[in-house]
Protein chains: 2
Amino acid sequence: MPPERRRAVAARERARAPEAEDAALSLAARQRVGPPTIDDVAQRAGVSVATVSRIINKKAFNKASADTIDRVERAVAELNYRPMRAGRALRTLESHLVAFLIPDITNAFYSAIAHSVEIAIRDLGYAMILCNTEESPELQDAYLDEMQSHLVRAVLLLGAVDSPGLRRAAATGVPIVYLNRKAPPGLSGPFIGIDNAAAGRAVAEHFIRQGYRRCSAIHGPLGSSASRERFEGYRSRLEAAGLALEADDVQAGTLTIESGYGAAVALLSGRTRPRAIFCGNDLMAYGAFRRCRELGLKVPGDIALFGFDDNPLNEWLATWLSTIHVPHDRFGPAASRVLRALGGADSADAASAHILLPFRPVFRESA
Amino acid sequence: MPPERRRAVAARERARAPEAEDAALSLAARQRVGPPTIDDVAQRAGVSVATVSRIINKKAFNKASADTIDRVERAVAELNYRPMRAGRALRTLESHLVAFLIPDITNAFYSAIAHSVEIAIRDLGYAMILCNTEESPELQDAYLDEMQSHLVRAVLLLGAVDSPGLRRAAATGVPIVYLNRKAPPGLSGPFIGIDNAAAGRAVAEHFIRQGYRRCSAIHGPLGSSASRERFEGYRSRLEAAGLALEADDVQAGTLTIESGYGAAVALLSGRTRPRAIFCGNDLMAYGAFRRCRELGLKVPGDIALFGFDDNPLNEWLATWLSTIHVPHDRFGPAASRVLRALGGADSADAASAHILLPFRPVFRESA
DNA sequence: GTCGTCCGGGTAAACGATTACCCTCGTAAT
DNA sequence: ATTACGAGGGTAATCGTTTACCCGGACGAC
């Protein structure tokens, strides 16, 4: 029997044997283990549980004298009491948990965002429960359901994919904040991320400025607003400059290194090859890079690679990769603002707020 | 008022106004929102809550006829009912949460472990609550306390640091599993990781085999058993070969890229320089790599770098880095075994089990 | 016919925390 | 002297689930 159970069981046995004499009762009371409860604090401070609760929650302070507050706080410290979340959650029907759904925890860019968000969430007094969705609608749904039953305050959805469960969750009222990727069509909700279309255009402009005539692209899943918009911005800007992408020069990928490698194999298999490749994220650029090296192509001398996200490792390991820097460390503070607003009076505004973070092209030219 | 609250409030108001006529009652009953409860399921299936509970928990099936089971399961499906965790947790005094404390979520090696562990935890039917401790004892303690109040099943502690809260938590009975880094002195608990001393020796042997006469090291915090043991294994093996490390050739770091860079600056500032550097982890090797390039040194031609962990990105971006491959994808399954054992009859054995994972030196020689 | 003894359930008491009311003073205004 | 009121704090219901008991009937053994 896990030790946490012993206390409950003891209490139940006590209840079942009301004829037990006082000695046994107090024995049972003394023998119980597990964390102290609010009852213990109340007894030790010589007050009722109501008073203790009011004091630890800093509510209705007019209902407690300074002396009482002091006694209670001492009792809390002496017993090392911490309110059990389950009891509180059950009564208030809200927890101190915030769910964070992440498509790929091993992607350093995503985990940098997770890091930033975790700090913000902790500062708000919540704890973060992290779920890896692997871009799978089924997994996302399973977690969405699970998180609801945990009474999470909010769901932060990094890289949302469309799914029945998402639509269900959106309808039930738990706040969903979309990070990096907007809500799927028909759904709305606060969004935190960059202007992907503008960023895509910026890449195109750089290529144009450099005088690259033949440009190409490896884009991510077009079902993702982020991937779609950045690709569309890039494509349309090139087209406006008379450099329209040809079908052969566009490959679709899945935002993984392996997929970037595979796309580069296809892209660079013709007799002639593009001068520059815009990749949907840095990982795909890493994959493309390997293929370039296998073919003996110098980057960026023979072929320029442009990534997206600016993986924190880039400046150390991928000094050849130009990319769009997405300010991962600003997701947390932004999420914090949204979360606070959702709890406030202007929650209607917050529910549809779009926070656009500034992006910044980073040009890396070294070999 | 958050929608989840409305139901509770409605119920309370109902209780406060017992003279309300039936119409108002049923209105209130119909108007309530929020997720369905076990009562709703029971009513819809025409049974008592006890029966519903027994069926959804697959307990005491002899107490339900096939017909009843069917009715209940249909009701659950139709209402999309999911038991609220808080109620369950409060009653059973145990949750479906497993805490995972990670020193640095942006370190891809750690997050690869997190990924593996998350899958294993999900397979066990639990959810993972992830906390970033940043190697800080204070943060670790705060999270340890918080997790206890969440009634977590277990705490998986990746990269434990010694702290009062850890000793307190260890005493209270919540199972703590130490990953990668052993329990601090005086504490015991199941451990999952590699034989760091042997791995350190393997690095030394490689250097000896290669004929490197002057070897050096950038090690991590010696308070960490992992860092200490791998450095000690390396140092002692070199010494046994007559290649004892000199004081100038050893630098301490903090397992970050920046720290590796700084250590390399110091290490490579003398008139002569070591032929090889063993770094406490891959990140520090990345930092050292930059310094080497700044000095115009070829890696591994002029100077060999040896890392530790085998960051998943290495084979794509750091093809010059030899390292000790730690099987990050085996932490999850191992943790799963430990967790299952802790719940089983042999929990005493499990509480002190050491699972040694196989490591594998990876030699990368390309420029 | 009487006694176990299963089957198939229902009843109600917990789990720990919160909070709407209720109660009792002391004091001040009338 | 009476009323009003605020300060200080206690009582008990309640959140959703689980589960130890209780209960009525069917059925077989004696």
Side-chain angles (χ1 to χ4, degrees), chain A residues 4-18 32 34-42 45-57 59-69 71-72 81-96 149-151, chain B residues 4-18 32 34-42 45-57 59-69 71-72 81-96 149-151:
Chain A
E4 319 85 51
R5 291 302 317 273
R6 297 225 291 274
R7 173 203 232 289
V9 172
R12 243 162 261 158
E13 274 161 4
R14 206 155 58 228
R16 229 176 293 131
R32 63 159 196 237
T37 72
I38 197 171
D39 275 290
D40 301 326
V41 177
V47 297
S48 74
V49 293
T51 302
V52 174
S53 176
R54 281 191 287 256
I55 290 173
I56 55 180
N57 291 309
K59 268 182 190 164
F61 254 171
N62 68 322
K63 311 207 87 176
S65 66
D67 176 57
T68 306
I69 294 177
R71 282 211 317 285
V72 168
Y81 166 75
R82 301 188 65 87
M84 189 191 288
R85 298 297 189 183
R88 181 177 285 187
L90 183 53
R91 170 63 214 225
T92 62
L93 291 183
E94 53 193 29
S95 76
H96 277 72
S149 87
H150 277 289
L151 293 169
Chain B
E4 318 85 52
R5 290 301 318 271
R6 295 225 291 275
R7 173 201 232 289
V9 172
R12 244 163 262 158
E13 274 161 4
R14 206 157 56 231
R16 230 175 292 131
R32 64 156 197 240
T37 72
I38 198 172
D39 275 290
D40 302 325
V41 176
V47 296
S48 75
V49 293
T51 302
V52 174
S53 177
R54 280 191 286 257
I55 289 173
I56 57 180
N57 291 308
K59 266 182 189 164
F61 256 172
N62 68 322
K63 311 206 88 175
S65 65
D67 176 57
T68 306
I69 294 177
R71 283 211 316 286
V72 168
Y81 167 75
R82 301 189 67 87
M84 189 189 289
R85 298 297 190 184
R88 182 176 285 187
L90 183 53
R91 169 64 213 220
T92 63
L93 291 184
E94 53 193 28
S95 76
H96 277 72
S149 88
H150 277 290
L151 293 169

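When reading the values below, keep in mind they use all heavy atoms of this one structure, side chains included, and skip hydrogens, waters and symmetry mates. Letters A, B, ... are given to chains in the order of the sequence lines, protein chains preceding strands, and every chain is numbered from 1.
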> A/Ser95: what forms a side chain to side chain donor-acceptor pair (under 3.5 Å) with it, not counting sequence neighbours?
Replying inline: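 Residues passing side chain to side chain donor-acceptor pair (under 3.5 Å) with A/Ser95: none at all.
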> Any donor-acceptor pair under 3.5 Å between the side chain of A/Arg91 and the base of D/dT14?
Replying inline: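 Flag set: donor-acceptor pair detected.
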> Between the base of C/dG8 and the side chain of B/Arg54, is there any donor-acceptor pair under 3.5 Å?
Replying inline: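 No, no donor-acceptor pair under 3.5 Å.
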> Counting side-chain heavy atoms from CB outward, which of D/dG10, C/dT18, D/dG16 is closest to A/Ile56?
Replying inline: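 The answer is C/dT18, which lies nearest to the side chain.
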State whether [X] places a side-chain N or O below 4.0 Å from either non-bridging phosphate oxygen (OP1 or OP2) of [N].
X	N	result
A/Thr68	D/dG8	no
A/Ser65	D/dG9	yes
A/Ser48	D/dT11	no
A/Arg88	C/dT18	yes
A/Thr51	D/dG10	yes

[X] [atom1] - [N] [atom2] separation (whole Å):
X	N	atom1	atom2	answer
B/Tyr81	D/dT17	OH	P	3 Å
A/Lys59	C/dT18	NZ	P	8 Å
B/Asn57	D/dA20	CG	P	12 Å
A/Arg82	C/dG16	CZ	P	17 Å
B/Asp67	C/dG8	CG	P	11 Å
B/Met84	D/dT14	CE	P	17 Å
B/Ile69	C/dG9	CD1	P	9 Å
A/Leu90	D/dT14	CG	P	13 Å

>> Test of understanding: with side-chain contact (heavy atoms from CB on, under 4.5 Å), list the residues that count as partners of B/Thr68, not counting sequence neighbours.
In response: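 Applying side-chain contact (heavy atoms from CB on, under 4.5 Å) to B/Thr68 gives B/Val47, B/Thr51, B/Ile55, B/Ser65, B/Arg71, B/Val72.
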Could you report the tightest heavy-atom contact between [X] and [Y], atom names first, then the distance?
X	Y	answer
B/Ala86	A/Leu90	CB-N, 4.0 Å
B/Ile56	B/Ile38	CD1-CD1, 4.5 Å
A/Ser48	A/Ala42	C-CB, 3.8 Å
A/Tyr81	A/Thr37	CE1-C, 3.5 Å

>> Quick check: on DNA chain C, is the nucleotide nearest B/Arg71 upstream (toward 5') of the one nearest A/Ala50, or the reverse? Name the residue that is more 5'.
In response: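 Closest to the 5' end, via its nearest nucleotide, is B/Arg71.
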> When we call it a touch if two heavy atoms are under 4.0 Å apart, what does B/Ala86 touch: a base, just sugar-phosphate, or nothing?
Replying inline: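 It contacts nothing in the nucleic acid.
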> With a 4.0 Å cut-off on heavy atoms, is B/Val47 in touch with a base, just the backbone sugar-phosphate, or nothing at all?
Replying inline: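 Sugar-phosphate, no base atom in range.
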> Per the end-axis method with five pairs at each terminus, what is the bend angle of the helix from C/dG1-D/dC30 to C/dT30-D/dA1, to 10°?
Replying inline: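 Roughly 60° between the end axes, to the nearest 10°.
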>> Distance check, rounded to the nearest 0.5 Å: B/His150 atom NE2 versus A/His150 atom NE2?
In response: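 Those atoms lie 10.5 Å apart.
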>> Can a donor-acceptor pair be found, under 3.5 Å and without considering hydrogens, that links the side chain of A/Thr92 to the backbone of A/Arg88?
In response: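 Between the backbone of A/Arg88 and the side chain of A/Thr92 there is a qualifying donor-acceptor contact (under 3.5 Å).
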